[in-house]
Amino acid sequence: MAGDGYGAFFRAVMEHNVPTWVVLPGRLGELHPYLDALPELPVVIDHAGLLERGENSRDHPFRGIDALIELARCPKVAVKWGHVTEWSAKPFPYQDALDQLRRVVDAFGASRVMWESDWTQTLGNQTLAEMFFSIKLSDRFNVEEKAYLLGRTALEVMRWDRPEHEVDTVVVGADVWEEFLHKTKNSGRLPHARVEVIKAGESTPAAGRTFSTLRLPNATTVAIDKLVEAVLFGRIARVD
């Protein structure tokens, strides 16, 4: 990334305001020229900018945090906090890692920091539950900060919280009803609690954003896979 190799790319990111994930373990200094030229550049620092497995030092496992905090001056820089517990010298809840997270939240604000499991890095070190609940149960962060860290920041930074993407009702044609049930059941996810599912002809959709496999008044017609997406995630970000 040294030089201006990514200059055109980042200018396009800036022009279109696309949040962009950046993986630069131990090399955050290479971002400074781009951020100096484009201070509103919307980037997310992956893995908190820390070195990955096999590259880090057990003697100074959090030495990259200072370089990360230097980027807090840029208002559109956010942080993905992942695999940091791997470097903890403490048992659950990893107080030394929480100390560093507290520093990062104080510098960036909770609305620019999001937790990630980074499961490929932490596998064999901590469980997903241990990593998640080390933050969820911590007294180092208030309720609002935890809400940001554990979901709200990701929604807002990636603009996944846009009301125009939300789905209230799906109406499934009788001809694809069984297929819809099969795909939903075998998705490995629970349905979104907000979305009402109606089999065509059995009831009338209430007011709200409605999608259907059929051409209906006040409904957007989509393929069955989009209906499954809507039921599982409560939103459809794109309709082709």
Side-chain angles (χ1 to χ4, degrees), residues 1-53 55-56 62-84 100-101 103-122 131 135 144-145 147-167 209 222 225-226 229-230 232-240:
M1 190 170 282
D4 193 42
Y6 284 82
F9 172 78
F10 281 132
R11 286 188 288 273
V13 166
M14 185 79 173
E15 178 183 355
H16 298 285
N17 192 27
V18 178
T20 302
W21 308 83
V22 175
V23 183
L24 279 174
R27 297 161 46 206
L28 293 181
E30 295 178 24
L31 263 183
H32 284 236
Y34 298 103
L35 292 170
D36 289 341
L38 304 167
E40 297 285 321
L41 187 66
V43 296
V44 181
I45 307 302
D46 219 342
H47 311 312
L50 299 180
L51 293 172
E52 299 183 0
R53 180 177 293 176
E55 301 175 321
N56 210 342
F62 305 119
R63 68 185 186 277
I65 296 295
D66 288 342
L68 174 67
I69 288 175
E70 287 181 23
L71 301 181
R73 62 184 172 83
C74 302
K76 292 293 186 69
V77 173
V79 179
K80 255 175 68 179
W81 184 261
H83 86 264
V84 182
Q100 301 302 321
L101 178 55
R103 291 182 62 206
V104 173
V105 170
D106 287 342
F108 284 85
S111 63
R112 290 199 283 153
V113 184
M114 65 191 82
W115 173 76
E116 60 162 335
S117 69
D118 203 2
W119 186 235
T120 57
Q121 291 293 323
T122 52
M131 291 184 288
I135 297 174
E144 183 178 25
E145 288 173 331
Y148 273 108
L149 291 170
L150 299 175
R152 187 172 172 184
T153 296
L155 287 175
E156 293 186 356
V157 169
M158 299 306 295
R159 301 199 298 278
W160 291 335
D161 62 336
R162 287 176 281 188
E164 64 269 25
H165 290 171
E166 292 183 356
V167 176
R209 197 161 186 247
V222 295
D225 287 339
K226 280 294 183 181
E229 174 188 332
L232 298 178
F233 298 98
R235 60 185 60 248
I236 294 180
R238 176 179 173 182
V239 178
D240 296 319

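Reckoned from all heavy atoms, side chains included, excluding hydrogens, waters and symmetry mates. Fair warning: this is a prediction, and the values are worked out from it, not measured in the lab.
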(message) Once side-chain hydrogen bond (donor to acceptor under 3.5 Å, both in side chains) is applied, what residue pairs with a partner in residues 38-50 remain, sequence neighbours excluded?
(response) Asp46-Lys80, His47-Glu116, His47-Asp118
(request) Evaluate the side-chain contact (heavy atoms from CB on, under 4.5 Å) criterion for residues Arg103 and Ile69: first the C-alpha distance (whole Å), next the side-chain angles of each, then the deciding distance (0.1 Å), finally the verdict. (result) CA-CA 8 Å; Arg103 291 182 62 206; Ile69 288 175; 3.5 Å; yes
(message) Using a 3.5 Å distance criterion without hydrogens, assess whether the side chain of Ser111 forms a donor-acceptor pair with backbone atoms of Tyr148.
(response) no
(message) With rounding to the nearest 0.5 angstrom, report the CD1 to CH2 distance, Ile135 to Trp81.
(response) 8.5 Å
(request) Report the distance from atom CG of Leu41 to atom CG of Leu71, rounding to the nearest 0.5 Å. (result) 11.0 Å
(request) Grab the two heavy atoms, one from Ala72 and one from Ala107, that are nearest each other, plus how far apart they are. (result) CB-O, 3.6 Å
(request) Search all heavy atoms of Pro25 against all heavy atoms of Leu51 and return the closest pair with its distance. (result) O-CD2, 3.5 Å
(message) If the test is side-chain contact (heavy atoms from CB on, under 4.5 Å), which one of Val104, Val77, Leu50 qualifies with Leu68?
(response) Val104
(message) Counting C-beta onward and ignoring hydrogens, is there a side-chain heavy-atom pair between Leu149 and Met114 closer than 4.5 Å?
(response) no
(message) Is it the case that the side chain of Arg209 and the backbone of Glu166 share a donor-acceptor pair, with hydrogens and angles ignored and the cut-off at 3.5 Å?
(response) yes
(request) Could you check whether the rings of Tyr6 and Phe10 sit parallel, tilted or perpendicular, using 30° and 60° as the cut-offs? (result) tilted
(request) May I have the step-by-step check of side-chain contact (heavy atoms from CB on, under 4.5 Å) for Leu31 and Ile45, ending in yes or no? (result) CA-CA 10 Å; Leu31 263 183; Ile45 307 302; 3.5 Å; yes
(request) Could you tell me whether Glu15 and Arg11 have a side-chain N and a carboxylate O separated by less than 4.0 Å? (result) no
(message) Could you go through Leu101 and Glu145, starting from their C-alpha distance and side-chain angles, then the distance that decides it, and tell me whether this counts as side-chain contact (heavy atoms from CB on, under 4.5 Å)?
(response) CA-CA 11 Å; Leu101 178 55; Glu145 288 173 331; over 6 Å; no
(message) Using side-chain heavy atoms (C-beta onward) and a distance below 4.5 Å, is Val84 in contact with Met131?
(response) no
(request) Heavy atoms only: give me the nearest Pro39-Asp36 pair and the separation to one decimal. (result) CD-O, 3.9 Å
(message) Any non-hydrogen side-chain atom of Pro42 less than 4.5 Å from a side-chain atom of Thr20?
(response) no
(request) Could you tell me which non-hydrogen atom of Val105 sits nearest to which non-hydrogen atom of Ala110, and how far apart they are? (result) CG1-N, 3.8 Å
(request) Using the side-chain contact (heavy atoms from CB on, under 4.5 Å) rule, take Arg112 and Val44 through it: C-alpha gap first, then chi angles, then the decisive distance, then the call. (result) CA-CA 9 Å; Arg112 290 199 283 153; Val44 181; over 6 Å; no
(request) Would you check if Glu229 and Ile236 make a side-chain contact, meaning some heavy-atom pair closer than 4.5 Å? (result) yes
(message) Any non-hydrogen side-chain atom of Trp21 less than 4.5 Å from a side-chain atom of Met158?
(response) yes
